[in-house]
Amino acid sequence: MSTETKDGWAGVVKGRPAVGALAERKRRTRMGDIEAFTEMTGDRNPLHYDRELAESSVFGKLIVQGGVTSGILNALVAEDLPGPGTVFLEVAWKFVKAVGVDEEITGRVEIKEVRPDKPICKIETSVRNEKGELCLTGTATVFTVPLQRP
C-alpha cells in the first residue's frame with residue numbers, strides 16, 4: 001500500500017504554480033466593452049450609456065459594468081496564472097471604485113494556497129485604475145483542468 005500523495009497537477013499546461021507567484025495584465029476600457037457586455041447580458045444601465053446622467057451621478061463619469069472590470073481577472077487566470085484550463089470555483093470580490101470608459105486598468109493575481117492533491121489554488125485578486133487606485137479587491141478559488149495528455 002502506497003502512502004505517496006497523488007500529484008493532482010499532472011497534465012496541467014503550466015504545471016503547479018508556486019505560492020507567492022504573481023501575474024498582471026493591463027488593458028484600456030472602451031465603449032465597445034460596454035456594448036459587448038450589454039449584448040451578452042442585457043445590462044443597459046443608463047450609467048453605462050447616458051453620458052450626461054452618468055456625469056451628474058456620484059461617479060462623475062460614464063462607467064463600465066462590473067463584469068468588464070472583473071473580466072481582466074478571467075484572462076489572467078485562464079492565460080497566465082495558473083494558466084490554460086483554469087476556471088473559477090468561488091469568488092469573493094468587493095468593487096470599491098467604479099472604472100470609467102477609456103481608463104487603463106491593471107489586474108493582478110497572486111497565488112496564496114496550492115493543493116498538492118488537486119489542481120486547486122486560492123488566489124488574491126485586484127484591479128487598479130491608471131492612478132493606482134484600487135477598484136476591485138478580493139479572493140478566488142480556481143480549478144485548473146489538466147489539458148495535456150499524460
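Bear in mind the structure is a predicted one, so any value in this text is a computation, not a measurement.
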Report the residues that fulfil salt bridge (charged side-chain N to carboxylate O under 4.0 Å, His left out) with Asp43, sequence neighbours left out, ordered by chain and then residue number.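 Counting only residues at least two positions away or on another chain, Asp43 forms no salt bridge (charged side-chain N to carboxylate O under 4.0 Å, His left out).
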
Do you reckon [X] sits in the same ILVMFWY cluster as [Y], going by side-chain contacts under 4.5 Å, direct or chained?
X	Y	answer
Val13	Phe143	yes
Leu134	Leu73	no
Val99	Val91	yes
Leu76	Val19	yes

Say whether, by atom type as modelled, one donor and one acceptor occur between the side chain of Asp33 and the main chain of Arg30 under 3.5 angstrom.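 Looks like yes, one N/O pair under 3.5 Å.
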
Does Arg28 reach the main-chain N or O of Asp102 with its side chain, forming a donor-acceptor pair under 3.5 Å? yes

Qualifying side chain to side chain donor-acceptor pair (under 3.5 Å) pairs with a residue from [range], counting only residues at least two apart or across chains:
range	value
residues 55-74	Thr38-Gln65, Lys61-Glu103
residues 88-100	Trp93-Thr125
residues 133-145	Thr86-Thr144, Asn129-Glu133

Please find the pair of heavy atoms, one from [X] and one from [Y], that lie closest to each other, and give the distance.
X	Y	answer
Arg44	Tyr49	CA-CE1, 4.2 Å
Val12	Pro119	CG2-CB, 4.0 Å
Asp80	Ala23	CB-CB, 4.0 Å
Gly83	Lys14	CA-CD, 4.2 Å
Phe95	Gly66	CE2-O, 3.5 Å
Cys121	Trp9	SG-CH2, 3.5 Å

If we only count heavy atoms from C-beta on, is the [X] to [Y] side-chain gap below 4.5 Å?
X	Y	value
Ile105	Lys26	no
Leu22	Val109	no
Ser126	Glu110	no
Ile120	Leu89	yes
Val101	Val64	yes

Let's go through Thr106 and Val127 carefully: what are the C-alpha distance in whole Å and the side-chain angles of both, what is the deciding distance for side chain to side chain contact (heavy atoms under 4.5 Å, CB included) to 0.1 Å, and is it a yes or a no? CA-CA 5 Å; Thr106 301; Val127 177; over 6 Å; no

Heavy-atom count around Arg115 CZ within 6.0 Å, excluding the residue itself: above 12?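 Correct, the count exceeds 12.
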
With a sphere of 6.0 Å drawn around NZ of Lys122, does it hold more than 12 non-hydrogen atoms of other residues, nucleotides or ligands? no

Once side chain to side chain contact (heavy atoms under 4.5 Å, CB included) is applied, do any residues pair with Ala21, and if so which ones, sequence neighbours excluded?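 With sequence neighbours excluded, Ala21 shows a side chain to side chain contact (heavy atoms under 4.5 Å, CB included) to Leu81, Ile111, given in chain and number order.
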
Remaining members of Ile63's ILVMFWY cluster at a side-chain heavy-atom cut-off under 4.5 Å?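 Its cluster mates, by chain and number, are Leu47, Leu53, Val58, Phe59.
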
Given Arg27, Glu24, Arg108, the one that forms side chain to side chain contact (heavy atoms under 4.5 Å, CB included) with Ile72: Arg27

Go through the steps to decide whether Val77 and Ile123 satisfy the test side chain to side chain contact (heavy atoms under 4.5 Å, CB included), and finish with yes or no. CA-CA 10 Å; Val77 302; Ile123 60 174; 3.6 Å; yes

Check the pair His48, Leu62 against side chain to side chain contact (heavy atoms under 4.5 Å, CB included), reporting the backbone distance first and the verdict last. CA-CA 6 Å; His48 309 310; Leu62 209 55; 5.7 Å; no

